[in-house]
Amino acid sequence: MFKRTAVEFIKRSVRSARVAASAAGSAAWSEHRTHNMLANIKGFWKVCRYGDLYMVLAALAAQSINISVGFCQGFSAVLLPQYSLEYPSISYEQSSWIASLGVISNPIGALLGGMMVDAVGRRLLLQSIVLPNLIGWLVIAFSETYVFLCIGRFITGFTIGMSTVSYIYVAEITTPEKRGVLSALGPGLVSTGIFIVYSLGAFIHWRKVAAICAGVSLLTPFLMYFVPESPLWLASKGQMKEAYNAMFWLRQNNSTAQQELMEFTKDRKEQQMNFKQKLALFKRKNVLKPFVLLIVFFIFQEMSGIYIILYYAVDFFKSVGTSVNEFTASIIVGGVRVFMGAVGACLINSFRRKTLAAVSGLLLGIAMLGAAVCDSLNGPPLVKLGCVLLHVSFSMVGFLQLPWIMSGELYPQDIRGVMSGATSCCAYVLIFFNIKTYPKLENLLTSNGTLYLFGFCAMIGAAYCFLFLPETKGKTLTEIMRQFDDDNKNEKDLEAGYKSDKGCSIEGRPVQRRHSAGAAVSLEKSEDFKLWKPEESNKTDTHCD
C-alpha cells in the first residue's frame with residue numbers, strides 16, 4: 001500500500017514537472033517570438049525614420065517604366081509566330097523588320113531623352129514617356145495592315161530609348177550603399193515584363209496582348225505623381241527650397257537632407273558658357289574614356305546572343321530544336337530571367353562590379369558553347385535547352401544589366417543626362433544591327449554556327465571586363481570619375497565628404513555616411529544654404545575634433 005502510494009506520488013510529481021517545464025518552454029518561446037516581433041517592428045521603424053523606405057518607393061516608381069520596356073522587347077517573340085500563321089506569305093525579311101523596328105527607334109528615343117532630361121527634369125520626362133508608349137500600343141492593337149503594325153512597333157521603340165532616364169533618377173536619389181541593388185531593379189522589371197508578355201502571348205491573341213500593354217503603360221506616370229523630382233537636378237537649377245523638400249521626403253530626416261544639399265551646393269559656381277565651351281565638356285578624359293569602355297562592353301554583350309534569344313525566343317527554340325514546345329520554352333526563359341534578375345540584384349550589392357561581369361560573361365559563354373557542342377553531337381534536346389537556360393541565367397547576374405547601370409554612374413553631373421543618352425543610343429544601334437542581321441547570320445552560319453559565335457564572343461567579353469572595366473561599387477560619383485582623370489587625383493573630393501577618422505559628430509553623435517549618388521555628408525555651413533534652410537528646421541550643433 002505504501003509502495004503504491006509512493007509510486008503514484010512520484011508519477012504525479014513527474015507529470016507536474018513536465019507540465020511546468022512545458023509551460024516554461026512555451027513562455028520562453030512566446031517571449032522569444034515577441035522579442036523578434038518587436039525587433040522587426042523596430043527595424044521597420046528605422047527604415048521609415050531614416051528614409052530608406054521612401055527612397056525605395058521612389059526608385060520602384062521610376063523603375064516601373066521598365067515593365068513596359070520588357071513588353072516592347074518581348075512582344076515580337078509572340079507576335080511573329082501568330083502573325084506568320086495568319087499571313088503565311090510573310091517573308092523572312094518582313095519578319096526581321098517587325099522585330100527590329102522595335103529597336104531602330106531606340107537610339108532616337110535615347111538621344112531625345114538625353115537632351116530633354118537635363119532641361120525638363122527626370123520626373124517629368126518619366127511621366128511623358130507614356131505618350132509614345134500608349135500611342136504605339138494602340139496602333140499595334142488596331143492595325144489592319146503590315147505597314148501600321150511596323151509603325152506601331154517603331155513608336156513603342158521610343159519608350160525603350162527614353163526609359164534609360166530611370167537609371168539617372170535612381171542614381172541621384174539613392175545612397176551609394178543602396179544604389180547598386182535599386183539600379184538592378186531596372187533589368188529585373190524588364191525581365192518581369194518579358195515574362196508577362198510571353199505568358200500572355202501563349203494563350204491569347206497578339207492584339208489583346210497589345211491592348212493590355214497599352215493599359216499598363218499608364219502605371220509609371222501614376223506612380224511618379226506621388227514621388228519628388230531629383231533633388232540634385234533641382235539644386236543644379238537653383239531651386240533650393242524645392243530641392244530641400246524633395247531630399248527631406250526621400251530621407252525623412254532633417255539633418256541628413258540639409259547636409260547632403262549643403263555638400264552638393266558647396267563651392268558650386270554657376271558659369272555662363274558659350275557653345276564652344278560646352279562642346280569642350282565632351283572632350284574631357286573623364287567623359288571619353290568611360291564612353292569608349294561602355295561601348296566596347298555593349299559590343300560584347302550584343303554578340304553574346306542575349307538579345308537574340310530575347311527578341312526571337314520562339315523562333316530561336318524552334319531553330320535549335322528542343323523537345324519542349326517553343327511557347328512553353330519561351331515562358332520558361334521568361335520565368336528564369338525574372339528569378340535570376342532577383343538573384344542578380346542581391347549579388348550586385350555583395351560583389352564587385354568587375355568580378356560579376358567577368359564571371360557572368362565566362363559562365364554564359366561556357367553555357368552557349370555547351371549548347372553548340374550538344375547540337376554538333378546530336379545530343380539530347382533537353383540538354384540543349386538546359387544550356388540555353390543556363391546562358392539566360394548567367395547573363396542576368398552581371399553581363400546584361402551592368403552596362404546599363406554603369407551608364408548612369410560613370411559620367412560627371414554636368415553632362416550626365418546627355419552622355420547617358422548618347423551611350424544608350426549607341427547601344428541600341430548595336431542591338432538593332434544584331435536583331436536585323438540575325439536571320440541572315442543564321443542562314444550563313446547555321447544555327448549551330450551562331451551558337452559557337454555567341455559563346456566565343458561572351459568569353460572574350462569576360463576577359464575584357466576583368467582587364468578594363470572600372471569598379472563603381474560603393475563609390476561616390478567623384479570617386480568613380482577620378483579613375484578616368486589622373487590630373488584630378490589631388491583635388492578635394494567634394495562628394496566623398498570628410499573621412500571618418502576626423503571624428504566629426506553632430507550633437508555628440510557620429511555622423512553616418514548617408515548620402516545620395518553625387519552628394520555626401522558635409523558639416524560646413526554655406527551662405528547658399530542659409531537662403532533655403534527652412535525656418536522650422538532644428539538647429540544642429542556641428543563640430544569636428
Side-chain angles (χ1 to χ4, degrees), residues 60 63-79 99 102-103 159-160 163 166-167 180-203 209 213 216 298 301-302 304-317 320 322 324-348 356-357 359-361 363-368 370-371 384-405 427 431 434-435 438 451 454 458:
L60 282 172
Q63 297 284 30
S64 65
I65 187 63
N66 288 295
I67 298 177
S68 293
V69 172
F71 288 164
C72 297
Q73 291 183 343
F75 185 69
S76 63
V78 299
L79 168 65
V103 185
T159 303
I160 301 177
S163 67
S166 63
Y167 294 104
V181 65
L182 293 178
S183 296
L185 287 174
L189 290 175
V190 171
S191 300
T192 302
I194 292 170
F195 174 70
I196 293 172
V197 82
Y198 281 175
S199 302
L200 292 174
F203 301 104
V209 176
C213 294
V216 176
F298 273 115
Q301 183 199 69
E302 315 318 329
S304 65
I306 293 175
Y307 286 95
I308 294 298
I309 298 176
L310 175 63
Y311 279 82
Y312 291 98
V314 176
D315 292 336
F316 178 82
F317 284 113
V320 299
T322 61
V324 182
N325 176 271
E326 306 90 63
F327 285 97
T328 304
S330 64
I331 294 174
I332 293 173
V333 168
V336 168
R337 283 176 61 93
V338 173
F339 175 76
M340 293 306 297
V343 173
C346 296
L347 294 177
I348 204 169
L356 274 181
V359 173
S360 173
L363 293 177
L364 70 89
I366 293 174
M368 190 56 84
K384 197 187 306 181
L385 175 62
C387 289
V388 174
L389 291 178
L390 286 176
H391 176 276
V392 173
S393 301
F394 294 138
S395 70
M396 292 302 299
V397 296
F399 219 67
L400 176 66
Q401 71 266 49
L402 279 178
W404 298 108
I405 294 173
I431 294 175
N434 201 14
I435 299 301
Y438 171 69
L451 293 178
F454 295 155

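Residue numbers run from 1 in the order of the sequence given.
- With sequence neighbours excluded, the residues that form a side chain to side chain donor-acceptor pair (under 3.5 Å) with T159 are N133.
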Next item on the list: Starting from the C-alpha separation in whole Å, work towards a yes-or-no answer on side-chain contact (heavy atoms from CB on, under 4.5 Å) for M340 and V392.
Entry: CA-CA 9 Å; M340 293 306 297; V392 173; over 6 Å; no
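- Atom SG of C387 sits about 9.5 Å away from atom CG of L451, to the nearest 0.5 Å.
- Not counting sequence neighbours, the partners of Q63 by the side chain to side chain donor-acceptor pair (under 3.5 Å) test are N66, S166.
- For V359, the side-chain contact (heavy atoms from CB on, under 4.5 Å) partners at least two apart in sequence or on another chain are T355, L363.
- Here the closest heavy-atom approach between residue I194 and residue G74 is recorded as CG1-N, 4.3 Å.
- When all heavy atoms are compared, the tightest approach of I306 to S395 is CD1-CB, 3.7 Å.
- The two residues V69 and S163 have their closest heavy-atom pair at CG2-OG, 3.3 Å.
- Between I348 and L402 the shortest side-chain heavy-atom distance falls below 4.5 Å.
- Nearest heavy atoms, S191 versus V338: O-CG2, 3.4 Å.
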Checklist line | Pair I65-L189, side-chain contact (heavy atoms from CB on, under 4.5 Å): steps then yes or no | finding: CA-CA 8 Å; I65 187 63; L189 290 175; over 6 Å; no
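- With sequence neighbours left out, S360 forms a side chain to side chain donor-acceptor pair (under 3.5 Å) with no residue at all.
- Of all heavy-atom pairs spanning V197 and G70, the tightest one is CG1-O, 4.3 Å.
- In terms of the side-chain contact (heavy atoms from CB on, under 4.5 Å) criterion, residue partners of L200 (sequence neighbours excluded) are, by chain and number, I196, I204, V209, I212.
- Residues meeting the side-chain contact (heavy atoms from CB on, under 4.5 Å) test with L347, sequence neighbours left out: V343, F351, L356, V397.
- Although no hydrogens or angles enter the test, the distance criterion places a donor-acceptor pair under 3.5 Å between the side chain of Q301 and the main chain of F399.
- The shortest distance between side-chain heavy atoms of P187 and Y167 falls below 4.5 Å.
- A distance of 4.5 Å separates CD1 in I431 from OH in Y307, rounded to the nearest 0.5 Å.
- A search for side-chain contact (heavy atoms from CB on, under 4.5 Å) contacts involving A367 returns L390, H391, F394, not counting sequence neighbours.
- Residues F203 and V78 form no side-chain contact, since every pair of their non-hydrogen atoms from C-beta on lies 4.5 Å or further apart.
- Heavy-atom minimum distance, P403 versus F298: CB-CZ, 3.5 Å.
- S64 pairs by the side chain to side chain donor-acceptor pair (under 3.5 Å) definition with T220, not counting sequence neighbours.
- Here the side chains of V181 and L185 are not in contact, with every heavy-atom distance at 4.5 Å or above.
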